[in-house]
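Indexing begins at 1, ligand by ligand and atom by atom, following the structure's order.
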Amino acid sequence: MTPLADLLIRRIVATGPITLADYMADCLLHPHHGYYATRDPFGAAGDFITAPEISQMFGELIGLSLAQSWLDQGQPTPFTLAELGPGRGTLMADLLRATRAVPGFHAAARLHLIEASAVLQARQAISLNSHPCRWLPNAQSLPDQPLFVVANEFFDALPIRQFTRDAQGWRETVIGVTAGRLTPGLSAAASLTTLHHRLSDTRPGDIVEICPAAPAIIAALSTRIAAHGGAALIIDYGCWGSHGDTFQALQAHTFTDPFAAPGHADLTAHVDFAALATAATTPHAFATQGDFLNRLGIVQRSARLAAQLGGTALDSHLAATHRLTDAAEMGTLFKVLSLHPASDRLHPE
Ligand code: SAH
């Protein structure tokens, strides 16, 4: 049994079952036993691999897209360049390298990273190679100024609550202890005003998930973008709306039982982009990752890089391009939600 399992079992036995959100929060970010708090989980030797770790093109294209948006908005100076949950800092390093040639962009940028894990903050500092940067605990503490921000696979790591509809109301997934083991179960049915709008598109037996922390984060980003200009690119797996059980655990690139080894597996849920868009006070746009990268010119960028490669390096570069964009790989499952200012801010004099 993991030390965190022991701790959770003792707590549940003493005070009763906990919600999935409380379980996820401890599994991911418990200061001593949390998954992100204790390790660097990325890459082939880790538990999962993300788009920036698959290819440098991902961070490059996102960087140039944000820089173009900054140019379109009249080069506001200074501005916040931010990332939520930067992992190893690979995306930001690629973004900074690709935007070096955009005149004035680096001089105007004040880099802020929102990262809860001290282990990953240290890893990010290495990737940024002494580029000046501030780490913040949450999006709410970002400065009140123009904001150009990216979040890749950040929202899927935020704790969710899960509810099953029945004839009497909604029953929440809670974690209890049975025969000395952590066991999921359902609470008694309750009528919930927060899920009233889901009565029209669900039936008894259906499952819906909500991410309680997400709306405040989106509000923090969108109020800054609405007031001062900027753009947000939020990339993740998920869809428009929440339908069904998407809570999952990944360890060594394999799906595992999320309750078997708390603190040792990555726990995530699909992102409900409709819930994010509803929390935004700015206009938004929505696309699949494949369409987004194709429109930004990944085919051309990939060809330029391919021209310098041969042998296995070329093979893996072509496989990476395919993996990021193909509908059968990440191209359709992953989506991009962008937040941008009202159109009168887009083309200033
Ligand atoms: N964007 C990176 C990493 C994705 S993993 C990539 O694409 O490779 C999720 C990241 O979010 C990790 O860096 C994790 O430590 C961070 N994170 C998770 N929950 C967080 C929270 N509540 N506040 C701040 N950072 C968080």
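- The closest approach between a heavy atom of L120 and any atom of ligand 1 is below 4.0 Å.
- Between Y23 and F247, the ring-plane angle classifies as perpendicular under the 30° and 60° cut-offs.
- Taking only nitrogen or oxygen atoms, main chain and side chain alike, G85 reaches within less than 3.5 Å of ligand 1.
- A side-chain N or O of T90 and one of E53 form a donor-acceptor pair less than 3.5 Å apart.
- Within the 4.0 Å heavy-atom criterion, both parts of A116, backbone and side chain, lie near ligand 1.
- Counting atoms of ligand 1 from 1 in the listed order, those under 4.0 Å from a heavy atom of P52 are 6 (C), 7 (O), 8 (O).
- Ranking the protein heavy atoms by distance from atom 19 (N) of ligand 1 puts L29 CD1, 3.7 Å first.
- Atoms of ligand 1 found under 4.0 Å from any heavy atom of G87, numbered from 1 in the order shown, are 2 (C), 3 (C), 13 (O).
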Under 3.5 Å, which donor-acceptor pairs link side chains of residues 302-313 to any protein atom two or more places apart or in another chain?
unit_1	atom_1	unit_2	atom_2	d
S302	OG	H317	NE2	3.1
S302	OG	T321	OG1	3.0

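- Aromatic ring pairs are classed by plane angle as parallel below 30°, tilted from 30° to 60° and perpendicular above 60°; the pair F105 and F79 is tilted.
- Of the options A157, G59, P41, the smallest heavy-atom separation from atom 18 (C) of ligand 1 is shown by A157.
- Checked by atom type, the side-chain pair H270/S242 shows no donor-acceptor distance below 3.5 Å.
- Residue contacts with ligand 1: F42 is placed with no nitrogen or oxygen under 3.5 Å of a nitrogen or oxygen of the ligand (distance criterion only).
- Where the criterion is an N or O separation shorter than 3.5 Å, residue side chain and backbone included, E115 meets it with respect to ligand 1.
- The atoms of ligand 1 that sit less than 4.0 Å from any heavy atom of L158 are 22 (N).
- Using a 4.0 Å cutoff on heavy atoms, T90 does not count as a contact of ligand 1.
- For the pair L84 and ligand 1, no heavy-atom separation below 4.0 Å is found.
- Side-chain contact between H228 and L147 is absent, with no heavy-atom pair separated by less than 4.5 Å.
- A donor-acceptor pair shorter than 3.5 Å can be found between the side chains of S222 and T281.
- The number of heavy-atom neighbours closer than 6.0 Å to CZ of R97, taken from other residues, nucleotides and ligands shown, is above 12.
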| request: Please lay out, stage by stage, how R224 and D144 fare under the test side-chain contact (heavy atoms from CB on, under 4.5 Å). | output: CA-CA 6 Å; R224 284 163 180 77; D144 225 4; 3.8 Å; yes
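- Nearest protein heavy-atom contact of atom 6 (C) of ligand 1 is T50 OG1, 3.3 Å.
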